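To find a chain, count down the sequence lines: A is the first, B the second, and so on, and within it residues start at 1. Not measured: the values here are computed from a predicted model.
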There are 2 protein chains.
Amino acid sequence: MIEEDKQKEVHKELRNYLQMQGLKATPERFAVLDEVYSTNFHFEADDILVRMRKKKMHVSRATIYRTLELLENSGLIRKAKLGETKAYYEHTYGRHHHEHMKCTQCGRVIEFESEEIEKLQDVICRQYNFQMTNHILHLFGVCEDCQKTTDGKAKNNYTTELTVK
Amino acid sequence: MIEEDKQKEVHKELRNYLQMQGLKATPERFAVLDEVYSTNFHFEADDILVRMRKKKMHVSRATIYRTLELLENSGLIRKAKLGETKAYYEHTYGRHHHEHMKCTQCGRVIEFESEEIEKLQDVICRQYNFQMTNHILHLFGVCEDCQKTTDGKAKNNYTTELTVK
DNA sequence: TTCGGTGCAAACTCTTTGCACGACG
DNA sequence: CGTCGTGCAAAGAGTTTGCACCGAA
């Protein structure tokens, strides 16, 4: 469950953004926002739908897609494709930018940060006079656990959601 | 047009791979390979289809998708999504690994290399005992040209194919 | 001769859109 | 009350798949 003060902060940010853009503050938008911020995991559009359905909250799939786009524009979430067709998201409030390491065997996603890499990116952008707004770094390979097993596949199949800090 | 000696080399690589895997060497597979290696640009599955149709070569869309997957497994091409839904590919033979900088205004893609970043990635992988097989680094932002124009959009609309070294 | 490969069309998955109705400002 | 947002269902885009036929080994 999302902590109350964080929820308030995030609501305020969205409210400001909507006002600034002349958009309406609808219950659906805040409901999606709350759901997005209820975990620290990566999620996809459909996860939000499923989680909301479980709580008997009715927001259509279309609205979820539209709201996720809005939240991305507002900077409250970030899109991060992990090589698949689907889009993955993660929220940004109170989190550093981080990179992803994905195990191609078990699907596990490990997050890591690297100031040094970020600095080097800035240097490169200056060289090309490129105004960077976002970046994605994904490393693909085989995780520690999967290397240990005989068939090269860890027992725990993480699919997509586990995030290790 | 693809240089003859390079073409021979690449054919040999594919032939070896097919033999090793017990797969068949079909004309379709080599035709797709040649098309893939006929430019140094990023391309998507449909580009290959269109280019082959222009040359009156008949390979079905299904076979192109299946062959691209095969070529990826063989290591002759690399998949590199640039934030969109579609998959982009680029061939690898005789090219260093490089990263991408994508302009969100005009779609231009700039390639760059950074040994320092690659070294840092290796360090991180060692820390996590992660066996990296591939990586993708994409920087998103506004390119030099687009920053100059009043509407923030360069005249030349590159869509997806131009690659600058 | 025998599987694996191909072409075709249909199916699938994820995402976007048109339209009529509803509700925020 | 006007307009923007929503829900629904249908359309789109990209990719995958089932099946019958074909051809490399």
Starting at CD1 of Ile64(A) and ending at C1' of dG7(D), how long is that distance when rounded to a whole Å?
12 Å
Interface polar pairs with nucleotides 22-24 of chain D, N/O, under 3.5 angstrom:
{"unit_1": "dG23(D)", "atom_1": "N2", "unit_2": "Lys24(B)", "atom_2": "NZ", "d": "2.8"}

Mind checking whether Tyr89(B) and Phe43(B) have parallel, tilted or perpendicular rings, split at 30° and 60°?
parallel
For residues Met101(A) and Ile124(B), report the shortest heavy-atom separation together with the two atoms involved.
CE-CG2, 3.4 Å
Could I get the full list of ring pair (Phe, Tyr, Trp, His ring centres under 6.0 Å) partners for Tyr17(B), not counting sequence neighbours?
none
Tell me, yes or no, whether the heavy-atom count around Gln21(B) atom CD, taken from other residues, nucleotides or ligands under 6.0 Å, exceeds 12.
yes
Atom CG of Leu14(A) and atom P of dG5(D): how far apart are they, to the nearest Å?
12 Å
Using a cut-off of under 3.5 Å, enumerate the N/O to N/O pairs linking the protein to nucleotides 14-19 of chain D.
{"unit_1": "dG14(D)", "atom_1": "OP1", "unit_2": "Lys86(B)", "atom_2": "NZ", "d": "3.3"}
{"unit_1": "dT15(D)", "atom_1": "OP1", "unit_2": "Ala87(B)", "atom_2": "N", "d": "2.8"}
{"unit_1": "dT15(D)", "atom_1": "OP2", "unit_2": "Tyr65(B)", "atom_2": "OH", "d": "2.5"}
{"unit_1": "dT15(D)", "atom_1": "O5'", "unit_2": "Tyr65(B)", "atom_2": "OH", "d": "3.4"}

Between atom NE2 in His58(A) and atom C1' in dA23(C), what is the gap in whole Å?
19 Å
Is any side-chain N or O of Ser60(B) closer than 4.0 Å to OP1 or OP2 of dC8(C)?
no
I'd like to know if Arg61(A) pairs up with Asp46(A) as an ion pair, taking the criterion as any Lys NZ or Arg NE/NH1/NH2 lying under 4.0 Å from an Asp or Glu carboxylate oxygen.
yes
Leu68(A) side, atom CG; Leu76(A) side, atom CG - distance, nearest 0.5 Å:
11.5 Å
Pair Lys79(B), Glu90(B) - check salt bridge (charged side-chain N to carboxylate O under 4.0 Å, His left out), show working.
CA-CA 7 Å; Lys79(B) 210 185 231 180; Glu90(B) 55 194 20; over 6 Å; no
Rounded distance in Å - CG (Leu70(B)) to P (dG4(C)):
14 Å
Indicate whether any N or O donor in one side chain lies under 3.5 Å from an N or O acceptor in the other, for Asp47(A) and His42(A).
no
